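Because the structure is a prediction, the values reported are computed rather than measured.
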Amino acid sequence: MDSFSSPPSGASSQFSTNDIMDQVKTQLEQAYAEQFLETVRDKCFDKCITKPGSSLSGSEGSCISRCVDRYIEATGIISKALFSQR
């Protein structure tokens with residue numbers, strides 16, 4: 001039986017719809033956070049790190065910090081705009 005099939009007759013009371021929805025919501029939040037971090041890491045690394053080495057220079061560290069801050073701010077603005085339309 002696959003995970004989308006109905007549970008056996010005795011197991012139906014084990015999980016409520018709210019429990020399942022909470023679990024799905026948590027998994028989606030985690031996937032979004034992982035995707036966000038991957039995007040920020042890739043974009044900011046490409047933009048700020050000119051010569052990869054064993055440590056960041058001062059300007060690279062500042063660039064990374066500003067880049068991450070901008071992505072977080074932009075994501076907040078986009079989220080507010082999307083949720084205010086509902």
Could you list the donor-acceptor pairs under 3.5 angstrom formed between side-chain atoms of residues 39-49 and any protein atom two or more places apart in sequence or on another chain?
residue : atom : partner : partner atom : Å
Thr39   : OG1  : Gln35   : O            : 3.0

Contacts under 3.5 angstrom, residues 75-83 side chains, donor-acceptor by atom type, not counting sequence neighbours:
residue : atom : partner : partner atom : Å
Thr75   : OG1  : Tyr71   : O            : 2.8
Ser79   : OG   : Thr75   : O            : 2.9

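Take Thr26 and apply the side chain to side chain donor-acceptor pair (under 3.5 Å) test, not counting sequence neighbours, and it matches no residue. Contacts of Ser62 classified as side-chain contact (heavy atoms from CB on, under 4.5 Å), with partners at least two apart in sequence or in another chain: Arg66. The side chain to side chain donor-acceptor pair (under 3.5 Å) check on Gln30 picks up Glu34, with sequence neighbours excluded.
You'll find the side chain of Glu60 stays beyond 4.5 Å of the side chain of Cys63, heavy atoms only.
One distance of note links OG1 of Thr17 with CG of Asp22; it measures 10.5 Å at 0.5 Å rounding.
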